[in-house]
**Student:** 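Just dropping this structure here.
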Amino acid sequence: MSLNKIPPKERTKIPRVHMPEQPAEFRRANFEEVNQGLTILGATTEAIRCLECAKPHCIDGCPVNVNIREFVRLVTEGDYLAAAAKIREDNVLPAITGRVCPQETQCEACCVLGKKHEPLGIGYLERFVADYEREHGVFGIPERAPLTGRKIAIVGSGPAGLSAAGDLVRKGHEVTVFEALHEIGGVLLYGIPQFRLPKEIVEHEVNVLRQMGVDFQTNVVIGKTVTIDELMTEEGYHAVLIATGAGLPKFLEVPGEHYNGVYSANEFLTRVNLMKAYDPSYDEPVFDCRGHDIAVVGGGNTAMDAVRTACRLGARTSYLIYRRSETEMPARLEEVKHAKEEGIQFLCLTNPVEFCGNDKGWLQAVRCIRMELGEPDASGRRSPIPIPGSEFDLPIQMAVIALGTGANPLVQSTTPDLQTNRKGYIAADAETLATSKRGVFAAGDIVTGSATVILAMAAGRKAAASIDQYLQTLSN
Amino acid sequence: MFPIVEAEFIAPDVKRFVIEAPRIARKRRAGQFVIVRVHPHGERIPLTIADGDPRRGVITLIVQGIGKTTKLMNLLEAGESILDLVGPLGRASEVENFGTAVVIGGGVGAAIAYPTAKALREAGNHVISILGGRSRELVILEPEIRAISDEVLVTTDDGSYGRKGLVIDPLKEMIALGRPIDYVLAIGPVRMMQAVAETTRPHHIRTVVSLNSLMVDGTGMCGGCRIITNDGARFACVDGPEFDAHTVNFEILVQRNRAYADREAEELREFQEHTEEMANEVHHWCRLESACPEVGPRG
Ligand SMILES: Cc1cc2nc3c(=O)[nH]c(=O)nc-3n(C[C@H](O)[C@H](O)[C@H](O)COP(=O)(O)OP(=O)(O)OC[C@H]3O[C@@H](n4cnc5c(N)ncnc54)[C@H](O)[C@@H]3O)c2cc1C
Ligand code: FES
């Protein structure tokens with residue numbers, strides 16, 4: 001029941017709240033979070049804008065159908081903990097998705113307010129209630145069902161693995177998450193930078209899972225340290241979930257990619273985020289961007305993260321090279337806006353054809369060609385075509401290739417009866433996420449190819465539900 | 001947490017560690033490596049597994065203290081532990097009965113070559129080992145290698161032990177004398193491996209090198225370890241570490257390995273100036289965490 005006394009007509013006159021953020025000239029030199037979060041007043045004012053549609057389209061726009069109307073209503077009532085609990089029914093990582101979901105193409109794209117006015121700031125509100133819950137330390141550890149004696153191995157600690165772990169441990173199963181790296185979190189940790197997703201938030205979620213009883217084992221590469229078959233025989237796991245993400249870097253495959261200063265986005269971001277190369281008290285080295293000109297190739301979130309990271313490491317000029325036009329960029333709108341405010345130079349309709357270096361092996365320039373847009377391709381986006389004779393050299397000393405990623409074959413190649421598709425991703429049933437191997441399930445980017453945090457989380461939960469069902473069919 | 005059960009210097013700045021790592025001990029094959037991190041602000045570095053005993057659940061690493069991380073690691077003693085240790089990574093050596101196999105180990109390269117030499121011998125090869133070092137005390141693992149070789153030749157740069165000269169000298173002689181050689185494995189400094197490759201190339205002798213490129217994850221995720229071969233870029237951590245020496249572009253490898261030379265030199269200076277503080281810190285971590293296992297690997 002709504003307590004909102006303001007007539008809908010009046011609500012549309014309230015402007016969308018602005019997310020308080022660090023000023024661009026300031027934040028471009030630090031790794032603190034850009035967005036500062038709404039105040040209670042800001043959140044309340046924003047929540048009041050909700051028209052409380054009888055048929056809320058925003059919920060259809062959400063990949064996991066969070067009951068947005070209801071949680072927003074709870075915000076208007078000031079019951080932030082109940083609002084957070086409402087979101088958690090469908091989304092177990094709200095503090096994370098509130099920060100990194102592409103709301104403008106999901107829930108907010110479907111908001112009726114957006115037809116004539118600005119859509120409701122659903123992501124802002126989600127983040128607000130999740131932060132409130134965390135900061136007030138009142139998040140109860142969910143109850144755990146009586147122990148079932150079933151052991152489940154989860155491979156990979158990204159959003160898919162973490163959310164599955166939470167659901168399965170709650171059902172009373174014994175859950176172990178195996179992670180190849182020395183820290184837990186997957187892309188949330190080594191990919192998405194601190195200034196967009198502070199690591200403490202990921203850590204908090206991991207700690208909650210730990211308190212619920214999830215066992216985390218770092219430094220275990222499944223396929224190398226131990227295989228899936230060994231987990232299921234010698235180590236006695238009743239089921240396995242593969243949630244290894246899409247971690248294989250793509251290069252441009254143009255001449256000169258071996259020069260020092262040319263990185264894959266994975267390497268550059270891992271050095272800076274996981275290994276904390278931005279902090280001089282850590283030993284990990286990374287290219288010293290200070291006073292240098294750098295370029296990042298790509299147009300997705302990873303490219304934005306890399307170029308803004310280089311800027312924060314002190315680059316003099318940071319270019320973003322993208323072969324289509326800005327409208328085709330897959331990155332979140334907010335990241336594009338923030339990048340521009342921070343002074344990133346966008347070179348759209350441009351494609352690198354060669355990297356040039358000096359005789360010591362260091363990158364000196366990237367040779368690019370101008371592009372124009374032709375007919376739409378299979379993805380529905382207009383495909384870029386090189387303009388003959390339009391090559392030019394851009395002097396840079398560091399380049400980061402952020403062209404997306406592929407499937408890492410480590411697990412698949414050591415698990416003979418696991419079927420993969422043409423691109424090497426694991427084939428899993430659309431409904432149950434069961435693979436061709438009995439007792440083995442797969443979820444997240446390793447099934448779909450690089451997608452989003454929310455989809456990986458949803459897949460992890462779906463897999464958890466079918467693993468739970470599968471375990472009940474086992475006789476002993 | 002990976003407890004160190006034995007630690008002893010076997011040559012100046014070269015330390016042998018026996019470390020508890022049951023899963024790795026069980027799985028590892030000759031030629032594979034691990035990635036190690038010794039303190040919470042530390043970097044990840046690859047180290048080849050020199051030996052392993054699945055029964056005791058231990059592996060052996062032989063570490064030459066060259067940079068800050070290896071020097072810090074060499075401060076550790078039995079009873080302390082390694083913070084992070086992951087593996088076994090990379091492909092195992094290709095071992096079959098080639099006939100006559102020459103195994104060349106320059107400096108600590110001998111430690112890396114040892115398990116493969118042993119496997120080659122077990123596979124029925126006639127193994128000729130050539131060990132080299134700058135001087136007598138830098139020739140390591142000689143007794144172990146003698147035990148698994150049919151012939152052993154030792155060279156030192158200064159002539160203080162064995163014959164004076166480089167490890168490729170005896171190889172060149174053997175080739176000149178027309179001794180049949182079916183397989184060469186060369187492990188050591190990049191320039192040494194390059195020289196071996198150039199020596200065997202005209203004679204079409206199958207030659208394999210184990211490459212030590214800079215690594216981060218060691219699982220094929222970052223591409224930082226890429227090696228340029230005649231067939232394009234390859235990732236040393238998953239496609240290697242062993243490669244056909246005649247396809248490798250060694251010049252690019254040398255350049256890529258120098259990518260952080262300035263930073264490494266700076267860190268080494270820092271280490272030399274503050275050895276005591278850094279030693280205290282690393283001992284603190286490696287004891288603290290082994291003293292309270294419930295801390296476990298930090299997530
Ligand atoms: C830089 C960057 C920015 C992004 N920004 C956004 C964004 O703003 N919004 C958004 O929604 N999405 C974003 N994404 C995409 C999103 O992060 C991914 O879709 C999501 O993390 C996939 O989750 P996952 O659980 O499938 O896999 P991952 O998060 O990739 O986790 C997989 C984990 O498995 C581990 N692993 C792999 N192989 C093994 C093995 N053999 N043994 C043990 N462990 C293994 C890996 O080390 C990793 O920790 C971004 C991605 C990147 C790279
Ligand atoms: S070390 Fe990262 S891919 Fe080889």
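Since this is a predicted model, take the numbers as computed values, not measurements. Lettering follows sequence order; numbering is per chain, from 1.
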**Student:** Might you work through the salt bridge (charged side-chain N to carboxylate O under 4.0 Å, His left out) test for Glu235(A) and Arg23(B), ending with a clear yes or no?
**Tutor:** CA-CA 11 Å; Glu235(A) 303 213 8; Arg23(B) 278 195 180 121; 2.9 Å; yes
**Student:** Output every pair passing ring pair (Phe, Tyr, Trp, His ring centres under 6.0 Å) with a member in residues 250-282 of chain A, not counting sequence neighbours, ordered by first then second residue.
**Tutor:** Phe31(A)-Tyr278(A), Tyr263(A)-Phe268(A), Tyr282(A)-His41(B)
**Student:** Answer with side chain, backbone, both or neither: which region of Ser281(A) has an atom nearer than 4.5 Å to a non-hydrogen atom of chain B?
**Tutor:** both
**Student:** Would Glu284(A) and Arg37(B) satisfy side chain to side chain contact (heavy atoms under 4.5 Å, CB included), going step by step from the backbone distance to the final call?
**Tutor:** CA-CA 11 Å; Glu284(A) 185 77 0; Arg37(B) 203 171 72 114; over 6 Å; no
**Student:** Please check: side-chain N/O of Gln255(B) versus main-chain N/O of Asp359(A), any donor-acceptor pairing under 3.5 Å?
**Tutor:** yes
**Student:** For the interface with chain B, which of Gly261(A), Ala180(A), Gly361(A), Pro285(A) has the highest count of heavy-atom pairs at distances below 4.5 Å?
**Tutor:** Pro285(A)
**Student:** In this structure, which one of Glu264(B), Lys68(B), Glu270(B) forms a side chain to side chain contact (heavy atoms under 4.5 Å, CB included) with Asp283(A)?
**Tutor:** Lys68(B)
**Student:** For the atom pair CD1 (Ile252(B)) and CG (Asn260(A)), what is the distance rounded to the nearest 0.5 Å?
**Tutor:** 10.0 Å
**Student:** May I ask you to name which of Ala259(B), Ala21(B), Gly42(B) has the most heavy-atom pairs under 4.5 Å with chain A?
**Tutor:** Ala259(B)
**Student:** Can you tell which of Asp288(A), Val202(A), Leu181(A) has the highest number of heavy-atom pairs within less than 4.5 Å of chain B?
**Tutor:** Leu181(A)
**Student:** Within the side chain of Lys224(A), is there an N or O that forms a donor-acceptor pair under 3.5 Å with the backbone of Gly90(B)?
**Tutor:** yes
**Student:** Return the set of residues passing side-chain hydrogen bond (donor to acceptor under 3.5 Å, both in side chains) with Arg44(B) (not counting sequence neighbours), or none when no residue passes.
**Tutor:** His182(A)
**Student:** Write down the atom of Cys222(B), the atom of Asn266(A), and the distance for their closest heavy-atom approach.
**Tutor:** CA-CB, 4.1 Å
**Student:** Does the side chain to side chain contact (heavy atoms under 4.5 Å, CB included) test come out yes or no for Asp217(B) and Glu267(A), once each step is laid out?
**Tutor:** CA-CA 9 Å; Asp217(B) 55 296; Glu267(A) 181 184 1; over 6 Å; no
**Student:** Can you tell whether the side chains of Glu234(A) and Arg26(B) come within less than 4.0 Å, N to carboxylate O?
**Tutor:** yes
**Student:** For chain A, which residues of residues 223-237 of chain B have at least one non-hydrogen atom nearer than 4.5 Å to it?
**Tutor:** Gly223(B), Gly224(B), Arg226(B), Ile228(B), Phe235(B)
**Student:** Which bit of Arg263(B) comes within less than 4.5 Å of chain A, counting heavy atoms only: side chain, backbone, both or neither?
**Tutor:** side chain
**Student:** Identify the heavy atoms of Pro88(B) and Thr225(A) that sit nearest to each other, and give their distance.
**Tutor:** CD-CA, 4.0 Å
**Student:** Can you name the residues of residues 397-413 of chain A that have some heavy atom under 4.5 Å away from a heavy atom in chain B?
**Tutor:** Asn408(A), Leu410(A)
**Student:** Are any non-hydrogen side-chain atoms of Met221(B) and Tyr190(A) less than 4.5 angstrom apart?
**Tutor:** yes
**Student:** Sort Leu85(B) into side chain, backbone, both or neither according to what part of it lies under 4.5 angstrom from a heavy atom of chain A.
**Tutor:** backbone
